[in-house]
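Reviewing the structure listed below.
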Amino acid sequence: MKNIIEKVYKASVIEENIYKFWEDNNFFKFNENSKKKVYTIVLPPPNITGALHMGHALNFTLQDIVARYKRMTGYEILWIPGTDHAALSTEAKVVEMLRKKGTSKTEIGYEKFMQECLAWKNKYGNKITEQIRKLGASCDWSLERFTLDEGCSKAVNEFFVRLYNKKLIYRGKRIVNWCPNCNTSISDIEVDFKESESELVYLKYFFSDNNNFLTVATTRPETIFGDVAIAVNPEDERYKNFIGQEVTVPISNHKIKVIADNYVDKSFGTGVLKVTPAHDFADFEIGQRHNLENINIINKDGTLNKKCGNYSRLKTFEARKIIINELESKNLLVKREKIKNNVGKCSRCDCIIESLISTQWFLKMQSLAKPAIKVVENKNISFVPERFSKIYMHWMNNIKDWCISRQIWWGHRIPAYYCKDCNHITVSPNKINFCEKCKSKNISQDGDSLDTWFSSALWPFSVLGWPEIQEKFLRCYPTDLVITGYDIIFFWIARMIFSSIELTGEIPFKNVVIHGLVRDAQGRKMSKSLGNGIDPIEIISKYGVDALRLTLVMGLTLGNDTRFSEKKIEGSRNFINKIWNAARFLKITNENILPKIEFNNLSIYDKWMLNKLNNTIQEVQKNMEKFEFGMAIQKIYSLFWDDFCDWYIEFSKIDFKNNLSNLNTCCYILCEILKILHSFIPVVTEKIWNFFNNNALTVSNYPEFNNKFNYAQDSKNVENIIEIIHAIRTKRNEMNTPHNKKINIFIATKSEDLIIKNSDKIKKLANIENIYINKKSSSDNVLTCALEFASINIPVGDLINQDELNLKLKKELEELKARISKNENLLQNKEFIEKAPSSIIKNIKNNLDSDKKRYFILNKKIN
RNA sequence: GGGAGCAUAGCUCAGUUGGUUAGAGCGCUUGCUUUACACGCAAGAGGUCACAGGUUCGAGUCCUGUUGUUCCCACCA
């Protein structure tokens, strides 16, 4: 064995086998017959486009930490993996691929195109599921799903039909966001408003019956062809008299009326607004209010249409420049000025969004939002951190109808059929071949597909077999947890909530845990355009998945962004190597070592360590229940490194020699720490566990807090020994005496017994030749260290600069003095004594006593 | 325009319901091949907790305001 365990932990070699070991043994498989309580986690299915990024790594790490923790604390875990068909993104990728091959989607046709997309899914979807495994995610692969598989499609159709029948889904000709590049409508939340430099141009609209004109300011002069009115605020004294009069649109020369509408801001521009209902959401509403015509002047490819005369076929932004020139040359321009305004861009391709009128399917939101607000208000669903519920609430309270149809092929085809004979629309979950009204066979299915989030919204229950109500659904729904980034609260979380309430009558999950973004070392968002993305899979092959997971979760605060850097991951790797070596040390010390507490043979050091472990288990468990992962791992880290390695193993080494009983206890403690570490760093812990156990760590039981490990007095004694050793080491350093040089010390103490009994430890860890207890040092030239229960004197030769030392002592004395008087004042303060809890008062009294003792000794020494 | 987050050591960040002398990792200084680990060990330096008020016996933590910064939402053409 000695030769087998490498001195440095080699992650890549070991990781390959461990996940396979878990999977082959079905450890992550949901057991329907289990009597355990079920804990269900909703896994956010990654897109099948591209590879997993750092955000996924964080997301899966957090989910897996919970899954493994819950599994070890006795739950039956249901965690169903899957992928999302990512309608628009995938279609764009496949279209691009076809373009490179010299063909196109229209050329190959619908069926063939869908096959191409499916081929893409099979290729890249599998790559992604492999990567999820690499991240160590302990999900049940036998239940893997895809948002476009048969079951999900069935759920989607059912959803559509039910809501259509309730008149919550409707088809209408309305203004929508149109991406000329993706060539489809998109929903409001897929538009990002970005500040950009624009030009505000002031145009003259002449009155029909005189030579006066009104000046209108606009950033989009090319849309004048679609003007149907100009609007002023009814309260605006400047323009009151013009309301109802007729003006001529410049260049276009069609006549429109001046109308009054409260929407118009008197202070912006000239206070006169041109109304173009077909190409502006606000104008659309004005148009509705005043019963105005919608003149669509923009084609779906972002060019002006034939209503624009000479300007037709030009891109809107090209036409704009030329129109401004023409206006200028015809003296129809008053002025131009640079302004900053928000321009809507497509969140997927960053192309400028056109607003235009189009026939689309919409989901009516008002009535769906109400119960979705209530369940969060009532805390049936809790957001962690809490503040995200406010963001959710605000959005839900101001929600608008959701445009759910997309002019693309890859996705769930809209289950609506149009009758060419009677114009009736039949909406059906199954394919039909005749009109439900006139029975004509002359029907065709809607060519559009549904927004990808329409199917994601059903994910928590569609993966449980809904619309059929199966045993699994009854047992596992509502689910317990979903973890996701704050960037998809609206896209996904909100939509799952209202869909679930509407369709199942239940909330989809009880807890929504929100994490932030993973940024680069400089705090920048990782992005393709910046080229600063770090591939988690590359990091895994270099440092191992445990190191990656540890880095992502160390110091993490939920909801806040976190930075990832090479430096950080080195630290994590070092920690993992430390665990590896501690285990290696125990194993090579005695091959027959077993994780077993030898209660008859416990030293005070064992008891001290068990006591610490026990307390940490309790604290960590509290943190885990509250999803405080960063805090939990911090405590385990410190327990392992600072307490277990730096003190406990070092103490134990002295007793080890051939004492297997002592080693076994040490091994037991290590294995308990492995258990609480396992959910964070599953691979290395499983591997090490394997040194000492025949079973699998991943299905072992999480340790529980136990009062029998409350060894208060022994622990206190060990703390005192540690304090002595630490004090000596510090003094040694002040004396410039290296650790490898033995020294003698004199200790004055009332705890003579304790020190005698543990002198071997003190001698070893502080490298002492002789300890003289309660004897006077022959030399007067000594360094003094005053502890609460002992005073240590170290004889020194002429090695030491006495002045420097006195300076230090004086500084310490000053500090002591200040603290003593502060605490004395505090204890004399009546209000403090009355109001402060007794434990605080007691602590202050204790501190005061020990400070006074130290002060006394040091003061004596210095004078 | 509305809302939210952040501001703590040189850097990156923790800090749970207010409670002794505010923590970690990295970096830095000094020393060390001490029977696992130099991806290590030991010791150390380094902080008016952004600023100004307030509540309280007691404030990094609660309240009000200010400044800086990041983000989200919103139809200023």
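Below, each value reflects all heavy atoms present in this structure, side chains not excepted, and no hydrogens, waters or symmetry copies. Chain naming here is simple, since letters A, B, ... match the order of the sequence lines and numbering starts at 1 in each.
A:Arg387 comes within 4.0 angstrom of sugar-phosphate atoms only, judged by non-hydrogen atoms across all strands, and of no base. Within 4.0 Å of A:Lys578, counting heavy atoms only, lies at least one base atom of the nucleic acid. In this structure, A:Arg563 reaches the sugar-phosphate backbone alone: every heavy-atom distance under 4.0 Å involves primed, P, OP1 or OP2 atoms, never a base. Backbone-only contact: A:Gly555 has heavy atoms under 4.0 Å from sugar-phosphate atoms and none from a base. Across all strands shown, A:Lys7 has heavy atoms under 4.0 Å from sugar-phosphate atoms exclusively, and none from any base. Note on A:Thr562: nothing from the nucleic acid sits closer than 4.0 angstrom, heavy atoms only. Looking at heavy-atom distances under 4.0 Å, A:Asn843 makes contact with a base. At a threshold of 4.0 angstrom between heavy atoms, the contacts of A:Glu650 include nucleobase atoms, whether or not backbone atoms are also involved.
For the C1' atoms, the distance linking B:G68 with B:A50 amounts to 8 Å, nearest Å. The same atom, C1', is picked in B:A45 and in B:U29; the two are 7 Å apart, to the nearest Å. Remark: the separation of the C1' atoms in B:A77 and B:C72 is 23 Å, to the nearest Å. Taking the P atom of each, B:A74 and B:G3 are spaced 15 Å apart, rounded to whole Å. The same atom, C1', is picked in B:U17 and in B:A24; the two are 23 Å apart, to the nearest Å. Between B:U56 and B:C28, the distance separating the two P atoms is 48 Å to the nearest Å. Atom C1' of B:G5 sits at a distance of 28 Å from the matching atom of B:G58, rounded to the whole Å. For the P atoms, the distance from B:G44 to B:A52 is 33 Å, rounded to whole Å.
Nearest-nucleotide positions on RNA chain B place A:Gly630 closer to the 5' end than the other of A:Gly630 and A:Ile844. Comparing A:Glu831 and A:His726, the nucleotide of RNA chain B nearest to each residue sits closer to the 5' end for A:His726.
Residue A:Lys587 places no side-chain atom within donor-acceptor reach of the base of B:A36, judged by atom type and a 3.5 Å distance cut-off alone.
Considering CZ of A:Arg238 and CG of A:Asn233, their distance stands at 9.5 Å, rounded to 0.5 Å. Atom-to-atom distance recorded for A:Thr218:OG1 and A:Glu199:CD is 11.0 Å, nearest 0.5 angstrom.
Listed pair A:Asn560 / B:A14 meets the phosphate criterion, a side-chain N or O lying under 4.0 Å from OP1 or OP2. A close approach under 4.0 Å does occur between a side-chain nitrogen or oxygen of A:Asn574 and OP1 or OP2 of B:G40.
Put simply, CG on A:Leu556 is 10 Å from P on B:G15, counting in whole angstrom units. Taking atom CH2 of A:Trp641 as the reference point, atom C1' of B:C26 lies 12 Å away to the nearest angstrom. Straight-line distance from the CG atom of A:Asn823 to the C1' atom of B:G19: 12 Å, rounded to whole Å. The nearest whole Å value for the distance from the CG atom in A:Asn733 to the C1' atom in B:G44 is 7 Å. Note: CG (A:Asp646) to P (B:A36) measures 14 Å, nearest angstrom. Spacing between atom CZ of A:Arg584 and atom C1' of B:U35 amounts to 12 Å, rounded to whole angstrom units. Look at CZ on A:Phe651: it is 17 Å from P on B:A36, rounded to the nearest Å. Per the geometry, NZ belonging to A:Lys568 stands 14 Å off P belonging to B:G27, to the nearest Å.
Using a 4.0 Å cut-off between charged side-chain N and carboxylate O, A:Lys335 and A:Glu337 make a salt bridge. Under 4.0 Å is where a charged nitrogen must lie from a carboxylate oxygen, and between A:Asp280 and A:Lys274 no such pair does. Checked for salt-bridge contact, A:Glu824 and A:Arg819 miss the test: no charged N lies under 4.0 Å from a carboxylate O. A salt bridge links A:Glu812 to A:Arg854: one of the charged nitrogens lies within less than 4.0 Å of a carboxylate oxygen.
Checked by atom type and distance alone, the side chain of A:Arg732 pairs as donor or acceptor with a backbone atom of A:Ala766 at under 3.5 Å. Listed for the A:Lys822 side chain is no donor-acceptor partner under 3.5 Å among the backbone atoms of A:Lys817. Panel note: side chain A:Asp283, backbone A:Thr276; a donor-acceptor pair is recorded below 3.5 Å.
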Quiz prompt | Summary of protein contacts for nucleotides 69-77 of chain B, nucleotide by nucleotide, where a base hit scores B, a sugar-phosphate-only hit scores S (4.0 Å, heavy atoms) | solution = ----SBBBB
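Closest to the side chain of A:Asp851, from the set B:A14, B:C39, B:U21, is B:U21. Checking B:U35, B:A36, B:A43 against the side-chain heavy atoms of A:Thr730 singles out B:A43 as nearest.
Relative orientation of the A:Phe575 and A:Phe640 rings is perpendicular, given thresholds of 30° and 60° on the angle between their planes.
A:Tyr9 has its side chain out of reach of A:Asn581: every pair of non-hydrogen atoms, C-beta onward, lies at least 4.5 Å apart. For the pair A:Ile297 and A:Glu222, the minimum side-chain heavy-atom distance is 4.5 Å or more.
In this structure, A:Lys845 places its NZ atom where only 12 or fewer heavy-atom neighbours from other residues, nucleotides or ligands lie under 6.0 Å away.
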Quiz item: Dot-bracket for RNA chain B: what is it, with Watson-Crick or G-U pairs under 3.5 Å, [ ] where a pair crosses earlier ones, and | for a pair to another strand?
Solution: (((((((..((((.....[...)))).(((((.......))))).....(((((..]....))))))))))))....
Between the protein and nucleotides 16-18 of chain B, list every N/O to N/O distance that falls short of 3.5 Å.
{"residue": "B:U16", "atom": "O2", "partner": "A:Glu628", "partner atom": "OE1", "Å": "3.3"}

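A side-chain donor from one of A:Tyr486 and A:Asp561 sits under 3.5 Å from a side-chain acceptor of the other.
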